[in-house]
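Shown next, in structure tokens, is the structure this report addresses.
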Amino acid sequence: MSLLLLGLRSVAAAGLRCPPVRGKKRWLWPYLRYLEKKAALEGPPPPVPRSQKPNFDYHAEIVAFSKRLNETFSVQLLKTAFVNQSYLVEEESRRRALGLDHETAALNLEDNQKLAEEGSDFTQSYLTRTLQQAFPNLPEAGLKALVDYLTSQQVICHVAQNLSVEDLTLSAECPLSPDTLQKTFLAVIGALLESSGPEKTEHFLQDFLIPQMIGKDLFDVWFVTDPMSLLVEQLSQRNIPLPEPRITRQSGATTVLPVYFVGLYW
């Protein structure tokens, strides 16, 4: 009995030590539920530009961008291609709000307006020349429709987003508008033109813009409003007699909904 009391006293003096037991954390589910309700009430957080998030080295990202594309860019020109006018205005305004004078607040940066114009002009001329060589019998209206499709805002923004142009663009807008994204991508083309020359830029357009025609039907891109007039015009240019329409088959001619099959002969 004395030994038992001695053992109990030693346990009471040392304290009862139990090993931790694995199990469910009862506090976790209510806490996660609270976070879910809070997110539903407050809504999603406002978007933040990638350049303002932590662990972002802009110079390293610019160099990595050119390596991913396997193109040789001038780093300074490529940085200029991503700078929009709205970013310069916002940054200078923020510096003046901090109390800096006008000369100190001014940024020694150039926007991408000039590069975007060069890239747009080169893209238009190259696509027109290439498609004309590939489809010599295509009318001018169809050729223009193909070029307009490849240089449309929807196609260029699709390519730019898949190349992560949006993450490197410096602009006051967040998220970027389609106009800004399109202008930035054209500025990247202009920077490549000045850095590596027209041959490399043509290969870039072959790799990223022209493949957007894969799986597209011509008449999904080119909407012909008056096919008969277009046919007469093309035949006149080739010195071919004008077509003569003839009814080849008909059904229900005396009904409310007749059907006629018309063939063109020349």
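The first residue of the sequence shown is numbered 1, and numbering continues consecutively from there.
Residues V188 and N112 fail the side-chain proximity criterion, which asks for heavy atoms closer than 4.5 Å. Counting heavy atoms from C-beta on, the side chains of L78 and L192 never come closer than 4.5 Å. Side-chain contact check for P227 versus V224: some heavy-atom pair is nearer than 4.5 Å.
K38 contributes atom NZ, which lies 15.5 Å from atom CZ of R33 (distance to the nearest 0.5 angstrom). Rounding to the nearest 0.5 Å gives a distance of 10.5 Å between CG of L186 and CG of L115. Note that CD of E166 is 7.0 Å distant from OG1 of T169, once rounded to the nearest 0.5 Å. The structure places CG of L230 at 11.5 Å from CD of E140, a figure rounded to the nearest 0.5 Å.
A salt bridge is defined here as a Lys NZ or Arg NE, NH1 or NH2 lying under 4.0 Å from an Asp or Glu carboxylate O, and K183 with D179 fails to meet this definition. Between R246 and E244 a salt bridge is recorded (basic side-chain N to carboxylate O distance below 4.0 Å).
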Distance-only check: which donor-acceptor pairs under 3.5 Å involve side-chain atoms of residues 60-69, not counting sequence neighbours?
unit_1: S66; atom_1: OG; unit_2: V63; atom_2: O; d: 2.7

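The shortest non-hydrogen separation linking L193 to E118 is CD2-O, 4.4 Å. Smallest separation of non-hydrogen atoms from C157 and Q182: SG-N, 4.2 Å. Annotation for L264 and P243: closest pair CB-CB, 4.3 Å, computed over non-hydrogen atoms. Between S195 and T72 the shortest heavy-atom distance is CB-O, 3.6 Å. Nearest heavy atom pair, residue I156 against residue T151, reads CD1-O, 3.6 Å. Residue P139 comes nearest to W222 through the heavy atom pair CG-CH2, 3.9 Å, listed as atom of the first residue, atom of the second, then distance.
For the residue pair Q113/E117, the side-chain donor-acceptor check at 3.5 Å is satisfied. For the residue pair R129 and Q133, no side-chain donor N or O sits within less than 3.5 Å of a side-chain acceptor on the partner. In the model, S177 has a side-chain atom that pairs as donor or acceptor with a side-chain atom of T180 under 3.5 Å.
Y126 and F122 have parallel rings, their planes meeting at less than 30° on a 0 to 90° scale where 60° marks the start of perpendicular. Note on ring orientation: taking the six-membered ring where Trp is involved, the planes of Y58 and F56 are tilted (angle from 30° to 60°).
Listed by chain and number, the hydrophobic cluster partners of W27 are L28, Y31, L32, Y34, L35, where partners are ILVMFWY side chains within reach of under 4.5 Å, directly or through others.
For an aromatic pair to be called close, the ring centres must be under 6.0 Å apart, and F204 with F208 satisfies this.
For T248 (side chain) and F261 (main-chain N/O), a donor-acceptor pair under 3.5 Å exists by modelled atom type.
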